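Contents: one structure, followed by commentary.
Throughout, protein chains are lettered first and strands after them, A, B, ... in sequence-line order, and every chain is numbered starting at 1. Only a predicted model underlies this, so the values are computations on that prediction, with no experimental measurement involved.
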Amino acid sequence: MKYIEEFRDGALARRIAARLAQEVRPGRRYSFMEFCGGHTHAISRYGIAELLPASVTMVHGPGCPVCVLPIGRIDLAIQLALERGAIVCSYGDTLRVPASGGLSMIKAKARGADIRMVYSAADALGVARQNPQREVVFFAIGFETTTPPTALVIRDAEREGLQNFSVLCCHVLTPSAITHILESPEVRRYGTVPIDGFIGPAHVSIVIGSEPYEHFAQEYQKPVVIAGFEPLDVMQAVLMLVSQVNEGRAEVENEFTRAVSPEGNLKAQALVSEVFELRRSFEWRGLGEVPYSALQIRPAYARFDAEQRFALDYRPVADNKACECGAILRGVKKPTDCKIFGTVCTPENPVGSCMVSSEGACAAHYSYGRFRDIPVVAA
Amino acid sequence: MKYIEEFRDGALARRIAARLAQEVRPGRRYSFMEFCGGHTHAISRYGIAELLPASVTMVHGPGCPVCVLPIGRIDLAIQLALERGAIVCSYGDTLRVPASGGLSMIKAKARGADIRMVYSAADALGVARQNPQREVVFFAIGFETTTPPTALVIRDAEREGLQNFSVLCCHVLTPSAITHILESPEVRRYGTVPIDGFIGPAHVSIVIGSEPYEHFAQEYQKPVVIAGFEPLDVMQAVLMLVSQVNEGRAEVENEFTRAVSPEGNLKAQALVSEVFELRRSFEWRGLGEVPYSALQIRPAYARFDAEQRFALDYRPVADNKACECGAILRGVKKPTDCKIFGTVCTPENPVGSCMVSSEGACAAHYSYGRFRDIPVVAA
Amino acid sequence: MCLAIPALLLELRAGDQALVDLGGIRKPISVALLPDAQVGDYVIVHVGHAIGRIDAEEAQRTLALFAEMARLEPQA
Amino acid sequence: MCLAIPALLLELRAGDQALVDLGGIRKPISVALLPDAQVGDYVIVHVGHAIGRIDAEEAQRTLALFAEMARLEPQA
Amino acid sequence: MSVIKKDYSRPLDIRHGRVDMGHGAGGRAAAQLIEEVFLAAFDNEFLRQGDDGAVFTPPPLPPGARLVMATDGHVVSPLFFPGGDVGCLSVHGTLNDVAMSGATPLYLTASFVLEEGFALMDLKRIVDSMAAAARAAGVPIITGDTKVVERGKGDGVFISTTGLGVVAPGVAIAGRNARPGDVVLLSGSIGEHGVAVLSQRESLAFETAIVSDTAALHGLVAAMLAAAPGGVRVLRDPTRGGLATTLNELTRQSGVGMVLEEAAIPVLPEVDGACELLGLDPLYIANEGKLIAVCAPEAADSVLAAMQAHPLGRAAARIGEVCADPHHFVQMNTRFGGRRVVDWLSGEQLPRIC
Amino acid sequence: MSVIKKDYSRPLDIRHGRVDMGHGAGGRAAAQLIEEVFLAAFDNEFLRQGDDGAVFTPPPLPPGARLVMATDGHVVSPLFFPGGDVGCLSVHGTLNDVAMSGATPLYLTASFVLEEGFALMDLKRIVDSMAAAARAAGVPIITGDTKVVERGKGDGVFISTTGLGVVAPGVAIAGRNARPGDVVLLSGSIGEHGVAVLSQRESLAFETAIVSDTAALHGLVAAMLAAAPGGVRVLRDPTRGGLATTLNELTRQSGVGMVLEEAAIPVLPEVDGACELLGLDPLYIANEGKLIAVCAPEAADSVLAAMQAHPLGRAAARIGEVCADPHHFVQMNTRFGGRRVVDWLSGEQLPRIC
Ligand code: SF4
Ligand code: SF4
Ligand SMILES: [Mg+2]
Ligand SMILES: [Mg+2]
Ligand SMILES: [Mg+2]
Ligand SMILES: [Mg+2]
Ligand SMILES: [Mg+2]
Ligand SMILES: [Mg+2]
Ligand SMILES: [Mg+2]
Ligand SMILES: [Mg+2]
Ligand SMILES: [Mg+2]
Ligand SMILES: [Mg+2]
């Protein structure tokens, strides 16, 4: 497959690895956060960690839209389906995220909730057209990449005058999350999370462009390299970050020039700002309430806003006590720091959201990397 | 089972048979119509014909509510379910009656119609309560026996203020059907259907009493013996009819005094006349349009009348050309007179309605009596 | 037509309901159409409703009539 | 995050729809978010929508950069 | 830092859990369901092989011995009914079809189609009931399969079982073997299974002490065969469609007719009562623990005696005779003194008002 | 006056008819459905016996020979997909489970659960496809059962089949037999069945030339066993859960680990494309005509050669090796040069956005 396979070439990977080994300064440690779950997934799936010099540590960031969904939001979706009789449509990965009372959307479905997996937001609109006598709610999650398709269906529903369709909007914003991490005491005050630079989002950046990252690079003096999700992209980005650190630079560099421009997709941006506006505050799993970190539907489209249509009342719900997802999403801990990783919490029975999506740090490590974990205890 | 088994005693039957054999006048033929399918069924199921003298012929009447349902009425019920999305509830035997286009309610169900068998009219009301968002129609058929329960649910629905319940009323009246037969050219003019007397309805008479039959006995000089549906009741009624004929009497006699009084169930009658009124004309399968032969829902209960609620337009549909149901229901022909009896038309694939209910003359003969038919042709 | 069957009324219940027994089978029915039905009556049940009752004396009389027949010697 | 994949745009269709090909798989997608998409473009498909396109020259440049790396002798 | 426990997995929450699509996807959840529900209940050396099929060494087959396979799907609604449930039914239903060849059943297999949302507790109850029935019958369930379908595309659980049995040399039992003059025996009263199930249908709800007659009949069959070697010509269990339909099958297969005596056919008063109430005929009601035997006239008495001496045949009776009839009619002399055809069931037997 | 024709019945209206509840009630309609659809298609001496089970004389079993039974329920949606349908699948799926014991399959049984309203035309198409598959495989369907469930309580048709096969003396194949040092072979490219089925799902609809790989593998197995007697230790068909899950089953059963070479696992570009598009992994996608063989190292080359010489094994490859590992991990050296765990499938494999 063109533009895919070329970026998964193992021989080239070994060359970049060799170059990296030359580039790292003896005695210096490098710690980079890959913001996106897409990078986390690539690192685990392709075994990139084994190709990096021992002095380079990758810290997983909060960039997985499924992982940052707070329990209370899933509860709302389940409530709509089970108590209000709505058809709730959602992307596949959302269905397994743990909610209150031992439920998840997929378990609610087994209890009779009419929950449907869709591949595209447009499919949810199709479900609404086919079921005019039912309320159909699209449970919309995702970062800036996934927001424009949601904006599109809201605009289309409005144009068509659909009466039974609404969106439960959980779209969140990348820059606010990065700022939040950079502002966190662990990074700023205690230095317990040393971050020497960021691998910047790939697909988010296709939409928003590379400009929004200039701010961090300047304000926090952290290098940012925007990189694609293929394994060579990741290796190259690490190499570029190491170079910046070595040279004392803190710039926004773009490894993913084949898809990302400075200004991004203007059409998509315009559509998003037509339909959505900044939300004053939004709860993220792991990060808590983060001001201006999410979107809500503009008043002009209020009748497509499930929160208003059903007068929903958001109730935050505490994560499982043992779960370290919060700390992991902030980069403070690693999956194996969690006491129940791989025992009580597995992809089969995820306790926290990081064990759900294969981009979640815990799931990625469990599924791809846990053969490295020692010691072994027979159960 | 008390009041059942005593009336099925084979030894007694043979005594009555013997008495009958004594009673019939040599050289005289006796021809009696059992109005009710219940009697038809008993005659076939218990093999009563074999116990009757050869000079006594039983002619089957039109008293099977399923058999007299015209195609157009079933079409209405199917239309409500398939095209109007209603839940249509009906008694079990109705489901197999042939309708237009090769359908029946049970075949419509296989095509997605929401058709539910109920044991009681009250169950249909229960379905309406449980499905407040759906229209629920009770397809009500039957003679006077079955009408009071329908009246009751309409009254109850009105008291409860149920908004989604209505009745497609197909209730018909026994006396009009008997009059129609007595007035038919075959009986009056040509004498092709010699009727020396009637076995009068059992359960209908519980409700309407024995008085309504006095009219026929006097007006048409035909003896009527009201009889229960157990086999001894039937034999005894035949004996009583033979005696009346022999003695030149034409009276209403009541063999079924254990259940039938002269005035009937007054409470039931009152309820029926509160809810229903005479219909100007109604199509019967076999008999055609018969004036004042059926009931319709009174204007005071109009919102429970499915015909008004859905603005239904009744279209009469001709029976299958080969089908002799009409002539059979009028007593003019016997099942074996039909060219397709037992070949194209079987209980499995009924062409006419007389092959549906086990009280239908064709079904009763096919299921219980056809071993008497000769000759045999290998298929 | 009109399948109906005599069953013993075992118990009157609220809302015009009653419980009947037929050969050991018990079934709730409506007695709304037979408001004076009593426990011990054999009521005639049709589509879940009592529409009438058996008059025990008349039943006896009918059976006696049959029995009388039985006493006559049949002609062979 | 945000699974997305470059696919060859084969055909533009009415209503902002298009057909793409990925390794022989053909799938209808929406190009409403990329109105200037052209047949022959490699568009980046996310949840059934083209959200961007591959700049072939830039892709070449990136690959050239890797290739350059490959020419350097690794230190064993 | 956490450690990786070998093969750790959280036990299923049988009390509150429900079947979800993952249990049918073939992954870890599926493996767990099989282990903790099916394997736990059926436990035997064949299942413990853990392979997709079960390998076994058949008993030595003397010359003239044959094998028999029978399969049945079980889709009863409701799943639990007085006297049984779909689990034990799925064991008996297939064992009986094996036994009706005069065979000794050896092994069973089971294939489950579960509906998403089905309570694990109910599943366990059903599987435990299957296991108990299989154990009581002395026939292990040696291999199986589980699929899960979406809610609204199944009905709790469907169980298809297949049985393998061995027919001893000299035993020649088949539906085509009835001959005019043969005697028709019935092992007991009819209609209990069907009435027990009907009594639980929401729309018909009636109370009854009747319980399903579901039972494994191979023991009874063995006793009958032993009583009159070569004397039993046909065996058949009158399940769906009841006695009437089953006898019609046999007259058609053998190209004969039959004449039954209504008075000889045992029916419990409660079954009669339920049938009167609903307008049904006991001859068409399903049985799950009864059999029909057609015997050579000279063997009939000893076969009947052997039946009556067995706990599952105490009420066995001679109910009729085979005759020549090019129409293959089953006729019946009614208790009332008449005669009538006893036809095949047509369509479904629906409760009727007329 | 009409006459009674012997055994007259109107033929089924296959073109316009649909399954109704009567077809499952055991009466005349049920008998007719069986005769005109099932018997017409499967026709063989066993079914023609017309009994509830099929009696047969097994082939002579030399000392050391064993029998194997396997059962599988088939619930695929949609029922028809590129390259096959639930009918042929239900034959191949079970034959393959029999073959994975190294057995020669002898007989099949089939149990159908039909949904009220299912078009008879579709049923006939499916049954004909089953018949063709069974005939091609040389294995007759000797007995069966049909049930009908109400609309909304089934999904068109579910088919549970059970197979009986014979394992030759000396053949000892089981999931527990893998040993460190053994070689893992795969008979061809993976993921085609799953992708072909997915491509027909309304919500995912994509066009592809991919067709299901559904096929009966016992011929391939016979060729492999002949090539290296005693050399094949484990056989398994990687169906639900795909190659990844099946290998995890095997490592667990044998108490070993495995190391795979990603570059050696054949995957068609279209399968790769579909997986990229939907966020799936071909290692977890179902196959219906592939097998995994674990062989003694000295036998691997001849087994592989035999596979490649067979039409169903042309793309066969050596994909990895068995190793000692108390965790029973399946690990994989990635094409990229890293190493990772290849875990069990967890839950269902859902298309994902991240
Ligand atoms: S292993 Fe599970 S519980 Fe622990 S941090 Fe990860 S997701 Fe949370
Ligand atoms: S046999 Fe059938 S077609 Fe003929 S009269 Fe009777 S019901 Fe009508
Ligand atoms: Mg069977
Ligand atoms: Mg059976
Ligand atoms: Mg049977
Ligand atoms: Mg299986
Ligand atoms: Mg259901
Ligand atoms: Mg199997
Ligand atoms: Mg299989
Ligand atoms: Mg298998
Ligand atoms: Mg069967
Ligand atoms: Mg369905």
So which atom in Ser346(E) and which in Glu348(B) form the shortest heavy-atom distance, rounded to 0.1 Å?
CB-OE1, 2.9 Å

A side-chain contact here means heavy atoms from C-beta on lying under 4.5 Å apart; do Arg339(E) and Glu50(B) qualify?
yes

For the candidates Leu345(E), Val342(E), Asp325(E), Asp281(E), which exhibits the highest count of non-hydrogen atom pairs separated by less than 4.5 Å from chain B?
Asp281(E)

Minimum heavy-atom distance between Leu232(B) and Phe336(E), given as atom pair plus value:
CD2-CE1, 3.7 Å

Atom pair CZ/CZ of Arg370(B) and Phe329(E) - distance to nearest 0.5 Å
4.0 Å

Among Ala49(B), Ser367(B), Gly369(B), single out the residue with the greatest number of heavy-atom pairs under 4.5 Å to chain E.
Ser367(B)

Do side-chain atoms of Arg340(E) reach the backbone of Gly47(B) as a donor and acceptor pair under 3.5 angstrom?
no

Report which part of Arg116(B) has an atom under 4.5 Å of a heavy atom belonging to chain E: side chain, backbone, both, or neither.
neither

Identify which part of Met355(B) has an atom lying under 4.5 Å from any heavy atom of chain E, answering side chain, backbone, both or neither.
neither

Winner by heavy-atom pair count (cut-off under 4.5 Å) against chain B, out of Met332(E), Arg335(E), Glu262(E), Glu276(E):
Glu276(E)

Please classify the contact of Ser120(B) with chain E as side chain, backbone, both or neither, using a heavy-atom distance under 4.5 Å.
neither

More than 12 foreign heavy atoms under 6.0 Å from CZ of Arg179(E): is that the case here?
no

Residue Asp9(B) versus chain E: region with a heavy atom under 4.5 Å
backbone

If we define contacts as heavy-atom pairs under 4.5 Å, which of Pro347(B), Pro231(B), Ala17(B) has the most with chain E?
Pro231(B)

Heavy-atom distances under 4.5 Å only: say whether Arg96(B) touches chain E with side chain, backbone, both or neither.
side chain

Look up atom CG in Leu51(B) and atom OG1 in Thr334(E), then write down how far apart they are to the nearest 0.5 Å.
7.5 Å

